[in-house]
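One structure is given below, encoded as structure tokens.
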Amino acid sequence: MSGIHGDLFMKTFKYYRARVPLSTFSAVIETDSSNFQDKVTRVTFDGKTHDDRLEILGLNSFDNWRVFNIKEHPGLILIRNPFTALGQRYWIRKCLEEYPRKPNKTNIDIEVMLEDWWKACFEGDKCNKKLLKKLRWTTLGYHHNWDTKEYSEDNRGAFPSDLAQLCDVVATYLGYTDFRAEAAIVNYYHMNSTLSAHTDHSEVNLDAPLFSFSFGQSAIFLIGGKDKTTEPSAVLLQSGDILVMSKEARLCYHAVPKILSAKTSTWNKDVQKIYTKTKPKFKYINEIEHIESMNRNYNDENWFLFDDYVQESRINVNIRQVLNETQSKLC
Ligand code: SIN
């Protein structure tokens, strides 16, 4: 227990976790609402006005992004409306259909090694709901070791190139030109799931920002200080939001005490195919294939399976740089 002020983080966590009426969530910061003008500052970035990769990665043009600093937490940035509806669908599908496949790791591995979790859920006549709900996390790139909390070269897979490009677009926009996406944890939440207070400090490089993408249902996100004596702020995270933990906020305690129903399913609103005219110079992506797999989510007959999942769940993709700029591997 922490000092004379006790564990204020835990107290707040328990408050939001309890099944209290929504009206008691009035302190949860909604960055777009005029009620929170004293808590947030809307910021604009003069640097980059365009990136050729936006459309192909399912992102809106920069002038549609709404970027907020959370005043009490220097370095905590929330980007609203960066994704198109098709883009949200693309990343939702990746998180369900592709990322939990071997050789990536999931929480289910200790029970049974499934080559392809999503496929296994739909084998036979009916969907295996129990298996569908069992997935809590999958790791990509340097796999997070939940016991030792240490990364190692022996426990490393390939990092998806499109996901790395997505982070690079966001990082470059914010002025982090050297960011390298090297490890990801994808968290899967159901309506009664929570994530307890923790800090992310396993990376060698603790100066690089951490990028956190939210899809599906909404969440109350708590962020406090470097120990648990600071009373945390509560911020609403909605589908398509990007939260960036940088500078002082990078090492602060954070948690998810509550999942809330989304006000609207923004991934189903005004979905449009892409017909890109620009030629993004991707080094690692086959553009034709990539555009096809993006557009597949426009009217694919199987899309409803992914929609059913996120109608009752939230997905969070949490991405970190592990190494220092001069390193190519862990010592
Ligand atoms: C995390 O801190 O690992 C996840 C946060 C979130 O789900 O938004």
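Values below: all heavy atoms of this structure, side chains included; hydrogens, waters and symmetry mates excluded. Bear in mind the structure is a predicted one, so any value in this text is a computation, not a measurement. Each ligand, and each atom within it, is numbered from 1 in the order the structure gives.
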* salt_bridge(Glu30, Arg80) N-O dist < 4.0 Å -> no
* Which heavy atom of the protein is the closest neighbour of atom 7 (O) of ligand 1, given with residue, atom name and distance? -> Tyr189 OH, 2.5 Å
* Asked: Within the distance-only criterion (no hydrogens, no angle test), does the side chain of Asn64 pair as donor or acceptor with the backbone N or O of Pro82 below 3.5 angstrom?
  -> no
* Structure fact -> Atoms of ligand 1 under 4.0 Å from any heavy atom of Leu195, numbered from 1 in the order shown, are 1 (C), 2 (O), 3 (O), 4 (C)
* Using heavy atoms and a threshold below 4.0 Å, how should the contact between Leu237 and ligand 1 be classified: side chain, backbone, both, or neither? -> side chain
* Go through Phe215 and Phe83 one step at a time and tell me if the ring pair (Phe, Tyr, Trp, His ring centres under 6.0 Å) criterion holds. => CA-CA 10 Å; Phe215 300 107; Phe83 288 97; 5.3 Å; yes
* To do: State the atoms of ligand 1, each with its element, that fall below the 4.0 Å cut-off from a heavy-atom position in His198.
  => 1 (C), 2 (O), 3 (O)
* Asked: Is a salt bridge present between Asp116 and Lys102, judged by a nitrogen-to-oxygen distance below 4.0 Å?
  -> no
* Asked: Yes or no on salt bridge (Lys or Arg N to Asp or Glu O under 4.0 Å) for Lys11 and Glu231, after CA distance, side-chain angles and deciding distance?
  -> CA-CA 9 Å; Lys11 200 169 159 215; Glu231 185 171 359; over 6 Å; no
* Look at atom 8 (O) of ligand 1 and say which protein heavy atom is nearest, naming residue and atom and giving the distance to 0.1 Å. => Arg314 NH2, 2.9 Å
* Could you give me the CA-CA distance, side-chain angles and deciding distance for Lys247 and Asp207, then say whether salt bridge (Lys or Arg N to Asp or Glu O under 4.0 Å) is met? => CA-CA 7 Å; Lys247 302 186 180 137; Asp207 294 324; over 6 Å; no
* Per-atom contacts of ligand 1 with His254, taking only distances under 4.0 Å to non-hydrogen atoms -> 2 (O)
* Asn318 near ligand 1, heavy-atom distance under 4.0 Å? -> yes
